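Below you'll find the structure, written out as structure tokens, and then a few comments.
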Protein chains: 2
Amino acid sequence: MLAEERRMKIVDLATREGRVDAQDAAERLSVAVETIRRDLDVLQRRGLMRRVHGGAIAVHRLNREFTVSERRALNHSAKLKIAEVAARHIPEQGTIIVDSGTTTQCLSAYLRDKSELTVVTNSLDLATEIGSSSTRVILISGRVRPTTMSGVGDLALKALENISADVAFIGANGVDLKSGFTTPDPDEAAVKTRMINNAQESIVLADHSKFGKSFTMRFANFESVDRLITDTKTSTSIINEITNKELEVVIA
Amino acid sequence: MLAEERRMKIVDLATREGRVDAQDAAERLSVAVETIRRDLDVLQRRGLMRRVHGGAIAVHRLNREFTVSERRALNHSAKLKIAEVAARHIPEQGTIIVDSGTTTQCLSAYLRDKSELTVVTNSLDLATEIGSSSTRVILISGRVRPTTMSGVGDLALKALENISADVAFIGANGVDLKSGFTTPDPDEAAVKTRMINNAQESIVLADHSKFGKSFTMRFANFESVDRLITDTKTSTSIINEITNKELEVVIA
DNA sequence: CCGAATTTGTCCGTTTTTGACCGAATCCCA
DNA sequence: TGGGATTCGGTCAAAAACGGACAAATTCGG
């Protein structure tokens, strides 16, 4: 059996059963466990599954299980540092737009009790956290997308229509040289684009795990964003290439 | 079973039942209690649940308890009964409007995972609770009023403009023979009025403590509401007088 | 057909996971 | 409030899984 063929069968197994047991797969495909383990590593690098002790878990199942709170914990310290740096760009007064997402969510600590500040957001969680403080919060309506707990759709775009802000803090799922800033959901992408358009200055927050990835919907290219904040683990070569595109990159 | 798989099942248990009993989970997943306890520690570190004596509780439940705990304690059992009766008027499919408020909030238990139902609400807490289920949630928002954590103002009215629903469940601060249904905040009153106007049928939920009180803003008179649900502690004389005004009163 | 590169299997020391044990801390109920 | 039951958390040992090294087998390019 060809190596690729074997890997296909492993993917097959994974999608059918949701997981792969290294030991079990080795027996079924009559190869050594080490081979399976190596295969799983390869498939993980291809983004097809996630390696865990004893085997691997199919991504489709992962997405379902990964809740907001779990994603929040992912690279949490990096996100906190990014938020800390981003916070320097929050004005004392005026209006800012804050996108939904686990990274932008970390900004909440810097947004409470700013009585001269208006925060416009489509994130339920963020609004809940700072809504009870003296900061003026405007929550964007819309259909609630369960995976991100944010308001999207036509209503959200309508609500944003007449709002203009000083700064917009935007999250991204993918940052790639070819594709620009991307996200999987079309509705969510439309909201992000509108947010960027309606702000004087726009800042994207993205930790190292987002780089080199691209998803279906581009919501901005490098020219339309003013600043990109990331953490120290992001490869410097990518950062240099982005800096060449007239986009200021800040490393937290 | 893979370790990660087991942990997923624990998260599953937690989200479904709100809590995890270490002993019980150990038996169900046929591993030692110690293993479960270690898993719970890991999951806590991932921010998925909060460790407590005897097991752990899901974070989504945790947030819920924190946000409305004090207010909800007031006449809580009465509110639960009112919600139970009100729930009989929730259609299996179609669109309903649910107002913000501690009483209407209790409806959330009956609104999760109704895939044929669309819930329109201006309550952040309600949207958060049912937004993660398969129920379609449309959040009406605008400026967030800190005391009630609800969306009000011009933006909210605009968003409601083109929405029509089968039933509206409305909360009230005061129910009085002379003043009708009242609330202190003008913005909130405007939203309630619009909600009632945009629904085929409107139901007000009010426990006994609301009767005989009146506040600045009337959002509805007795004629414009179809049904009033209250608890057994409400004085029968008031109920009789209200019934005379062509308003059906249901006692939970 | 040959040599190089890649893949695969084996070996083995290291790490991780798991279940068991036990004294201490905590909870629950009378 | 006190005592019994439960739970906790730390240590230990066995088992499983890991990963790196290396050799054998296979594939590839010329």
Side-chain angles (χ1 to χ4, degrees), chain A residues 1-59 61-62 65-66 70 73-77 208-209 233, chain B residues 1-59 61-62 64-66 69 73 76-77:
Chain A
M1 192 193 313
L2 270 55
E4 273 312 313
E5 201 180 341
R6 187 187 55 240
R7 291 192 188 117
M8 298 255 266
K9 286 194 177 171
I10 294 176
V11 174
D12 237 44
L13 267 177
T15 42
R16 216 174 18 248
E17 299 174 12
R19 63 122 203 280
V20 181
D21 183 297
Q23 192 75 50
D24 172 64
E27 281 169 33
R28 286 211 242 179
L29 302 171
S30 27
V31 286
V33 209
E34 283 74 5
T35 309
I36 297 291
R37 278 211 293 265
R38 277 186 279 246
D39 283 341
L40 294 180
D41 286 339
V42 171
L43 293 170
Q44 162 161 271
R45 246 172 285 135
R46 291 187 198 167
L48 286 167
M49 47 187 62
R50 163 123 176 266
R51 198 82 175 68
V52 294
H53 199 93
I57 307 242
V59 274
R61 212 167 131 207
L62 227 66
E65 315 278 346
F66 263 84
E70 186 150 12
L74 215 62
N75 300 322
H76 190 57
S77 59
H208 63 273
S209 70
K233 280 193 186 164
Chain B
M1 195 193 313
L2 269 51
E4 273 310 316
E5 236 182 331
R6 188 186 54 239
R7 293 190 189 116
M8 282 182 175
K9 288 196 176 165
I10 294 175
V11 174
D12 235 43
L13 270 176
T15 42
R16 222 184 0 258
E17 299 174 11
R19 62 156 204 288
V20 181
D21 180 286
Q23 190 75 48
D24 173 62
E27 281 168 32
R28 286 210 244 180
L29 302 170
S30 27
V31 286
V33 205
E34 285 82 353
T35 308
I36 297 292
R37 277 201 263 119
R38 275 186 281 246
D39 283 341
L40 294 179
D41 287 340
V42 172
L43 293 171
Q44 164 161 271
R45 243 173 290 135
R46 290 186 198 170
L48 276 168
M49 45 186 61
R50 173 85 185 281
R51 199 80 175 67
V52 292
H53 199 93
I57 50 179
V59 275
R61 169 155 302 199
L62 217 70
R64 198 187 309 169
E65 307 285 353
F66 277 137
S69 54
H76 186 54
S77 59

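Below, read A as the first sequence line, B as the second, and so on, with proteins coming before strands; counting in each chain starts at 1. Source: prediction; values computed, not measured.
- Regarding contacts with the backbone of D:dC8, a side-chain N or O of B:R51 is found under 4.0 angstrom from either OP1 or OP2.
- B:I10 CD1 to B:R7 CZ: the interatomic distance, rounded to the nearest 0.5 Å, is 8.0 Å.
- Across all strands, A:V33 comes closer than 4.0 Å to no nucleic acid atom at all (heavy-atom distances).
- Proximity note for B:A32 (side chain, C-beta onward) versus D:dG19, C:dA20, C:dT8: the nearest is C:dA20.
- Where A:A22 and A:R38 each meet DNA chain D at their nearest nucleotide, the meeting point lying more 5' is that of A:A22.
- We find the CE-CD distance between B:M8 and B:E5 to be 7.5 Å, quoted to the nearest 0.5 Å.
- The distance from atom CD1 of A:I36 to atom P of C:dT10 is 13 Å, rounded to the nearest whole Å.
- Rounded to whole Å, the distance from CD on A:Q44 to P on D:dC18 is 12 Å.
- Between the side chain of A:S30 and the backbone N or O of A:E27 there is no donor-acceptor pair closer than 3.5 Å.
- Of the inter-residue distances, the one linking B:D39 atom CG with B:E34 atom CD reads 11.5 Å to the nearest 0.5 angstrom.
- The distance between atom CD of A:E27 and atom C1' of D:dA17, rounded to the nearest whole Å, is 15 Å.
- When the C1' atom of D:dA17 is taken as reference, atom CG of A:D21 falls 10 Å away, rounded to whole Å.
- Rounded to a whole Å, the CG atom of A:D41 is 10 Å from the P atom of D:dG20.
- Nearest to the side chain of B:Q23, among C:dT18, C:dT8, D:dT7, sits D:dT7.
- At the heavy-atom level, B:V52 lies under 4.0 Å from the strands shown only through sugar-phosphate atoms.
- Following rounding to the nearest Å, A:L40 (CG) and C:dT7 (P) show an atom-to-atom distance of 16 Å.
- Relative to the side chain of B:E34, the nucleotides C:dA20, D:dC8, C:dT8 differ in distance, and C:dA20 lies closest.
- Between B:V31 and B:M1 the shortest side-chain heavy-atom distance does not fall below 4.5 Å.
- Not one side-chain nitrogen or oxygen of B:R6 sits closer than 4.0 Å to the OP1 or OP2 atom of C:dT17.
- A:R19 places its CZ atom 12 Å from the P atom of D:dA17, with the value rounded to the nearest Å.
- Ranking D:dC18, C:dA20, D:dC8 by closeness to the A:R37 side chain, first place goes to D:dC18.
- In this structure, CE of B:M1 is placed 18 Å from C1' of D:dA17, rounded to the nearest angstrom.
- Side-chain proximity of B:H53 to the nucleotides C:dC27, C:dT17, C:dG9 is greatest for C:dC27.
- Among the nucleotides C:dT8, D:dC8, C:dT18, the one closest to any side-chain atom of B:A3 is C:dT18.
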